[in-house]
Colleague: 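There's a structure below that I have some questions on.
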Amino acid sequence: RLKKSAENMVAERTNYSSIEEGEEMATSRIHDGIIERPKFSPLLIVLISGIAALLIFTTTGKMQTTMTDAELPLTGSSTVRQCTFTECFAAVCDQETAPYICQRHNGGPHGGCAANPWLEATCDDQCSLQECHLLEIPDDEASCKDVQCTKDWCKSGQLCGDAVPNQCVEGSGRFGCSDDEFQWTLRTSDSICSECCDVTTC
């Protein structure tokens with residue numbers, strides 16, 4: 001009996017040891033009343049940190065690339081106003097490729113054209129041509145339409161055709177023809193054309 005009891009005790013101890021070893025393999029276990037948590041290896045911690053940093057960097061990059069050029073701040077640019085009626089039609093700048101005009105700098109006229117707003121150090125007063133197409137031309141605005149050509153001009157032999165009857169008669173644009181009645185008045189400076197007439201009046 002003593003031998004059998006001893007064998008039973010050994011078996012129970014063996015079973016208890018197997019159970020304890022199995023518990024040690026679990027994610028957490030209780031030992032002497034203290035809960036012990038599994039310890040992660042330094043390599044695993046570094047790997048997890050690297051993946052998290054990569055996700056943050058990728059997300060931030062996507063957010064930045066979704067910003068349009070119009071949303072990006074133009075650091076150092078001076079205030080841009082919309083050009084007035086007179087400025088819109090007197091401008092020689094292309095409204096699509098270079099819509100920003102510097103009107104004044106260092107106390108004097110400038111007149112330069114630019115694709116982007118002028119920096120504060122390079123222009124004191126600038127305006128944009130981007131909304132000029134929305135402006136309506138007043139009915140009383142001067143034009144070449146129905147303006148009587150002089151008899152001498154009618155006899156000059158260099159008259160424009162009926163399809164382009166508006167002709168410049170004075171200035172560097174002299175003898176120029178246009179189908180636009182405002183070409184030589186509203187859309188052109190006096191230095192280019194200071195006088196025009198309608199050749200249909202000849």
Side-chain angles (χ1 to χ4, degrees), residues 46 48-147 158 160 163-199:
V46 172
I48 294 174
S49 300
I51 293 174
L54 180 60
L55 289 174
I56 294 173
F57 177 79
T58 304
T59 303
T60 304
K62 288 182 178 179
M63 292 176 62
Q64 290 178 347
T65 53
T66 55
M67 294 180 68
T68 63
D69 292 339
E71 294 171 334
L72 293 175
L74 293 166
T75 306
S77 61
S78 60
T79 302
V80 181
R81 59 180 175 79
Q82 293 302 320
C83 293
T84 64
F85 181 87
T86 302
E87 290 171 335
C88 281
F89 290 99
V92 295
C93 303
D94 188 290
Q95 294 186 14
E96 294 184 0
T97 60
Y100 298 98
I101 305 177
C102 179
Q103 299 291 0
R104 299 186 68 82
H105 183 54
N106 287 334
H110 192 284
C113 310
N116 298 305
W118 294 80
L119 297 179
E120 188 174 358
T122 60
C123 185
D124 298 328
D125 178 27
Q126 64 175 309
C127 67
S128 172
L129 299 170
Q130 292 174 325
E131 293 186 5
C132 287
H133 66 283
L134 301 177
L135 300 176
E136 294 184 2
I137 300 175
D139 295 335
D140 60 351
E141 185 66 33
S143 72
C144 302
K145 186 178 181 180
D146 297 329
V147 175
Q158 299 187 47
C160 297
V164 285
N166 305 289
Q167 190 165 25
C168 178
V169 299
E170 194 66 44
S172 62
R174 182 180 171 91
F175 298 114
C177 306
S178 177
D179 61 348
D180 183 357
E181 61 182 286
F182 298 105
Q183 179 61 43
W184 307 117
T185 55
L186 183 60
R187 305 185 195 281
T188 305
S189 64
D190 288 343
S191 61
I192 295 176
C193 187
S194 59
E195 187 179 346
C196 66
C197 70
D198 186 345
V199 298

Colleague: Give me the atom names and distance for the closest heavy-atom approach of C93 to A98.
Modeller: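 The answer is CB-O, 3.3 Å.
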Colleague: Closest heavy-atom contact between S128 and Q82?
Modeller: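 Looking at all heavy atoms of both residues, the closest pair is O-OE1, 3.5 Å.
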Colleague: Can you name the residues that form a side chain to side chain contact (heavy atoms under 4.5 Å, CB included) with E136, not counting sequence neighbours?
Modeller: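 Expected list: none.
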Colleague: For the atom pair OG1 (T86) and CG (L186), what is the distance rounded to the nearest 0.5 Å?
Modeller: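 T86 atom OG1 to L186 atom CG measures 8.0 Å (nearest 0.5 Å).
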Colleague: Does the side chain of F89 come within less than 4.5 Å of T185's, by heavy atoms?
Modeller: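 No, too far: nothing below the 4.5 Å cut-off.
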Colleague: Which pairs with one or both residues in residues 166-177 pass side-chain hydrogen bond (donor to acceptor under 3.5 Å, both in side chains), sequence neighbours excluded?
Modeller: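 Applying side-chain hydrogen bond (donor to acceptor under 3.5 Å, both in side chains) to every pair that reaches into residues 166-177, excluding sequence neighbours, yields W153-Q167.
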Colleague: Between Q126 and P117, what is the shortest heavy-atom contact and its length?
Modeller: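 Closest approach of Q126 to P117: OE1-CA, 3.6 Å.
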Colleague: Shorter than 2.5 angstrom, is that how the SG atoms of C123 and C102 come out?
Modeller: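 Between C102 and C123 there is a disulfide, given that their SG atoms are under 2.5 Å apart.
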Colleague: Compare all side-chain heavy atoms of H110 with those of W118 and state whether any distance is below 4.5 angstrom.
Modeller: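 Answer yes - side chains close enough.
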Colleague: Excluding sequence neighbours, so at least two apart, what forms side chain to side chain donor-acceptor pair (under 3.5 Å) with T122?
Modeller: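 Checked T122 against side chain to side chain donor-acceptor pair (under 3.5 Å); zero matches.
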Colleague: Taking only residues two or more places apart in sequence or in another chain, which ones pass side chain to side chain donor-acceptor pair (under 3.5 Å) with S191?
Modeller: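 For S191, the residues satisfying side chain to side chain donor-acceptor pair (under 3.5 Å) (neighbours in sequence not counted) are S189.
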Colleague: Can you name the nearest heavy-atom pair linking N116 to Y100, along with the distance?
Modeller: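 So the two residues come closest at C-CD1, 3.5 Å.
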Colleague: Is there less than 2.5 Å between the SG of C196 and that of C168?
Modeller: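 No; the two sulfurs sit 2.5 Å or more apart.
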Colleague: Rounded at 0.5 Å granularity, tell me how far SG in C177 sits from CD in Q158.
Modeller: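 Going from SG on C177 over to CD on Q158, the span is 9.5 Å.
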Colleague: Does the distance from C127 SG to C83 SG come in under 2.5 Å?
Modeller: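 Cystine link detected, SG atoms below the 2.5 Å cut.
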Colleague: Applying salt bridge (charged side-chain N to carboxylate O under 4.0 Å, His left out), which residue pairs with at least one partner in residues 82-100 are found, sequence neighbours left out?
Modeller: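 Qualifying pairs: R81-E87.
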Colleague: Write down the atom of C88, the atom of L129, and the distance for their closest heavy-atom approach.
Modeller: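 Where C88 meets L129 most closely, the heavy atoms are CA-CD2, 3.9 Å.
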Colleague: Are side-chain heavy atoms of C144 and D198 found at a separation under 4.5 Å?
Modeller: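 No, too far: nothing below the 4.5 Å cut-off.
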Colleague: Could I get the full list of side chain to side chain contact (heavy atoms under 4.5 Å, CB included) partners for S178, not counting sequence neighbours?
Modeller: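 Residues passing side chain to side chain contact (heavy atoms under 4.5 Å, CB included) with S178: D180, Q183, W184.
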